[in-house]
Amino acid sequence: MALLTRFALFLVFFASCTSAWLPGEDREIFNQSGINLFNISLPTNITLKRWQPASGKIRGVNLGSLFVVEPWLASSEWSNMGCGQYKSEFDCVAALGQGEANAAFQNHWNTWITIDDIRKMQSYGLNTIRIPVGYWMMEEIVYLSERFPQGALAYLERICGWASDAGFYIIIDMHGAPGAQVPTNPFTGQFAPTAGFYVSWQYERGKNFLAWLTNIVHTRYNFRNVGMLGIVNEPLQNADQVPGLLSDFYPGAYNAIRNAEVALGVASNNFLHVQPMNELWGSGNPTQYMSNTYFMAYDDHRYAKWDSSVAVTKAAYISDACHNNRNRENRSPMVVGEFSLSPPDNVQWSSEWEPTSDNNKDFYRQWFAAQVSTYEAQTSGWVLWSWKSNLGDYRWSYQDAVAAGVIPRNPQDINWAACNGF
């Protein structure tokens, strides 16, 4: 019997009684001290209607610029790697040469996020990390004409081991897609003049990468807390400009992941969530051509700074956070996989918005609380972008925001009534 047929029969048999695993719902996960980071009780004196208990809610951070370096976020690190004048990983590797670049990137992977970072995240009451990676981590699918650093898989395995030991839930996201899913953006790993991802042969490379990663997740102990794979980060926000994304790549990526799991004999309650961007992102309905949606999840990214429909006032930003339903599609599980505390570039350093004054800190403190309390009420949780940066600006760095007193040392201690009056 063909593998795809066996897979279809397998899903029919289990569909009525199983679902992909989420922490605190389908499976409990514990750190090495026996503590469950998702088993949290909130105060009982909350009257805010938007509030709901947070047990099982995802509360996390992105490990931005670890395996896909974005020079704007990690400028001094990028310069120290010898890459300062280059726009992307591809450009830097091409300029430095493979050997020198490998050494520079391996030192970066070894130091950008350490076990001490994981311990600090845990001490801050977080329970989830999202790890952006590029397809080039599967080195055998990289073309001879492409230039990317080598050797990242061992560092990914180490990070996932540390996080699993600490009791974290782990999302791995294909942040950089073959050919680049958007032009001139280093989060794709290259600064491509056009988006080259939306053709069949690049889709096949993406599917191969996801199947390869699925096999690794299910066969290596350090990956035991990986429960979700993001199948492509932030594709073009126009359904007319992404031919085949919905009809070819999404169903094909789903099947590639499931076929790898069935071939390994993975039990249905141990399947990975397969996570495309949600419809709000603007690339189309992710399930339009899906014949099967079991074990799927959905990714929402919310950056008010780039939404021109929101008036650039503090009151408007709080109101938007309180009333902008990020799960109006009514899909589950939905995760707000990226958001920040940054206002529009043209006002971010003005007196009304700069981050250092006490008055402005009060605003950012309330805006954070308004966002995460609403996300927890409407979705399965949130993952802030990012854990750290070289910007000296806590609006893009969770640990810097904690140090500034804008984010509490435990998100449990936010002002759960931040939306009152809005």
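Keep in mind the model is a prediction, meaning the values are calculated, not measured.
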For this session: I would like to know whether Ser340 and Tyr303 meet side-chain contact (heavy atoms from CB on, under 4.5 Å); could you show each step before the answer?
Result: CA-CA 6 Å; Ser340 79; Tyr303 291 108; 3.7 Å; yes
For this session: Answer yes or no: is there a side-chain heavy-atom contact under 4.5 Å between Leu384 and Gln371?
Result: no
Seminar exercise, completed: When rounded to the nearest 0.5 Å, the distance separating CD1 of Ile159 from CZ of Phe168 is 11.0 Å
Exercise. Under 6.0 Å between the ring centres of Trp396 and Trp72?
Worked result: yes
For this session: Find out whether Thr214 and Leu229 are in side-chain contact, i.e. whether some heavy atom of one side chain is under 4.5 Å from a heavy atom of the other.
Result: yes
Problem set entry | Note, Lys361 side chain near Tyr394 side chain (heavy atom, < 4.5 Å) | yes
Exercise. Does Arg365 make a cation-pi contact with Phe368, if we ask for NZ or CZ under 6.0 Å from the ring centre and within 45° of the axis?
Worked result: no
For this session: State the NZ-CG distance between Lys314 and Asp362, to the nearest 0.5 angstrom.
Result: 8.5 Å
For this session: Quick one: pull up CG in Asp173 and CD in Gln275 and give me the separation to the nearest 0.5 Å.
Result: 7.0 Å
For this session: Using the ring-ring contact (aromatic ring centres under 6.0 Å, His included) rule, take Phe295 and Tyr254 through it: C-alpha gap first, then chi angles, then the decisive distance, then the call.
Result: CA-CA 10 Å; Phe295 323 116; Tyr254 180 90; 7.6 Å; no
Problem set entry | side-chain hydrogen bond (donor to acceptor under 3.5 Å, both in side chains) evaluation trace for Glu352 with Ser350 | CA-CA 5 Å; Glu352 185 179 2; Ser350 67; 5.5 Å; no
Problem set entry | Cation-aromatic face contact Arg326/Trp281, 6.0 Å, 45 degrees | no
For this session: Flag this pair as yes if the NZ/CZ of Arg331 is under 6.0 angstrom from the six-membered ring centre of Tyr298 and inside a 45 degree cone about the axis; otherwise no.
Result: yes
For this session: State, without any angle test, whether Asn255 and Asn259 hold a side-chain donor-acceptor pair at a distance under 3.5 Å.
Result: no
Exercise. Should Glu338 and Arg302 count as an ion pair when the cut-off is N to O under 4.0 Å?
Worked result: no
Exercise. Nearest 0.5 Å, what's the CH2-CG distance between Trp416 and Asp413?
Worked result: 9.5 Å
Exercise. Checking His175 side chain against Phe187 main chain: does a donor-acceptor pair fall under 3.5 Å?
Worked result: no
Exercise. Do side-chain atoms of Gln366 reach the backbone of Ile318 as a donor and acceptor pair under 3.5 angstrom?
Worked result: no
Exercise. Does any donor atom in the side chain of Gln150 or Asn102 lie under 3.5 Å from an acceptor atom in the other side chain?
Worked result: yes
Exercise. Hey, is Lys120 close enough to Asp117 for a salt bridge, meaning N to O under 4.0 Å?
Worked result: no
Problem set entry | Ser386 side-chain N/O to Gly64 backbone N/O, donor-acceptor pair under 3.5 Å | yes
Exercise. Would you say the side chains of Thr188 and Asn185 form a donor-acceptor pair under 3.5 Å?
Worked result: no
Exercise. Would you call Val226 and Cys160 a side-chain contact if the rule is heavy atoms closer than 4.5 Å?
Worked result: yes
Exercise. So do Trp109 and Pro149 actually touch side chain to side chain, heavy atoms under 4.5 Å?
Worked result: yes
For this session: Indicate the atoms forming the closest heavy-atom contact of Asn292 with Tyr294, along with that distance.
Result: OD1-CD1, 2.6 Å
Exercise. Quick check: does any side chain N or O of Trp136 sit under 3.5 Å from a backbone N or O of Phe148, one acting as donor and the other as acceptor?
Worked result: no
For this session: Start with the C-alpha distance between His273 and Met296, add both sets of side-chain angles, then the distance that settles side-chain contact (heavy atoms from CB on, under 4.5 Å), and finish with yes or no.
Result: CA-CA 5 Å; His273 274 99; Met296 286 188 68; 5.9 Å; no
For this session: Output the distance between atom CE (Met228) and atom CD1 (Ile172), rounded to the nearest 0.5 Å.
Result: 12.0 Å
Exercise. Can you find a heavy atom in the side chain of Leu63 that is under 4.5 Å from one in the side chain of Trp112?
Worked result: no
For this session: For the pair Ser319 (side chain) and Ala315 (backbone), establish whether a donor and an acceptor sit closer than 3.5 Å, ignoring hydrogens and angles.
Result: no
Exercise. So do the side chains of Val93 and Phe105 get within less than 4.5 Å of each other, counting heavy atoms only?
Worked result: yes
Exercise. Do side-chain atoms of Tyr198 reach the backbone of Gln181 as a donor and acceptor pair under 3.5 angstrom?
Worked result: yes
For this session: Report yes or no: does Tyr398 contribute a side-chain atom to a donor-acceptor pair with the main-chain N or O of Met121 at less than 3.5 Å?
Result: no
Exercise. What's the verdict on side-chain hydrogen bond (donor to acceptor under 3.5 Å, both in side chains) for Asn233 and Arg130, showing C-alpha distance, side-chain angles and the deciding distance?
Worked result: CA-CA 12 Å; Asn233 179 70; Arg130 178 174 179 260; 3.2 Å; yes
Exercise. Are Thr128 and Phe38 close enough, and set up right, to give a side-chain contact (heavy atoms from CB on, under 4.5 Å), and what steps lead you there?
Worked result: CA-CA 9 Å; Thr128 299; Phe38 288 83; 3.6 Å; yes
Problem set entry | Cation-aromatic face contact Arg205/Tyr143, 6.0 Å, 45 degrees | yes
Seminar exercise, completed: In terms of heavy-atom contacts, Ser309 and Asp307 come closest through OG-OD1, 2.6 Å
Seminar exercise, completed: Tightest non-hydrogen contact, residues Ala316 and Ala311, listed as CB-O, 3.2 Å
Problem set entry | Donor + acceptor pair across side chains of Ser357, Asn359 (<3.5 Å) | no
For this session: May I ask you to establish whether Arg224 and Tyr221 are in a cation-pi arrangement, using a distance under 6.0 Å from NZ or CZ to the six-membered ring centre and at most 45° from the ring axis?
Result: yes
For this session: Measure the spacing between SG of Cys83 and CG of Leu96 and express it to the nearest 0.5 Å.
Result: 5.0 Å
Exercise. Are Arg59 and Glu376 close enough for a salt bridge, meaning some N to O gap below 4.0 Å?
Worked result: yes
Seminar exercise, completed: Here the pair of heavy atoms bringing Leu236 nearest to Ala195 is CD1-CB, 4.0 Å
Exercise. So which heavy atom on Gln106 is nearest to which on Tyr155, and how close?
Worked result: CB-OH, 3.7 Å
Problem set entry | Residues Val383, Val335; criterion side-chain contact (heavy atoms from CB on, under 4.5 Å); working and verdict | CA-CA 8 Å; Val383 189; Val335 180; 4.1 Å; yes
Exercise. Are the side chain of Tyr169 and the backbone of Gly227 linked by a donor-acceptor contact shorter than 3.5 Å?
Worked result: yes
Exercise. Donor-acceptor pair, Tyr364 side chain versus Trp353 backbone, under 3.5 Å?
Worked result: yes
Problem set entry | Considering all heavy atoms, the nearest Gly206-Pro178 contact | N-CG, 3.7 Å
Exercise. Counting N and O atoms only, with roles assigned by atom type, does the side chain of Asn208 sit under 3.5 Å from a partner on the main chain of Glu204, one being a donor and the other an acceptor?
Worked result: yes
Exercise. Do the non-hydrogen side-chain atoms of Val217 and Trp212 ever get within less than 4.5 Å of each other?
Worked result: no
Problem set entry | Cationic N near anionic O, under 4.0 Å, Lys305 to Asp345 | yes
For this session: Have a look at Tyr203 and tell me which of Tyr250, Phe249, Tyr135, Phe209 forms a ring pair (Phe, Tyr, Trp, His ring centres under 6.0 Å) with it.
Result: Phe249
Problem set entry | Test item: side-chain donor near acceptor, His301 and Asp299, under 3.5 Å | yes
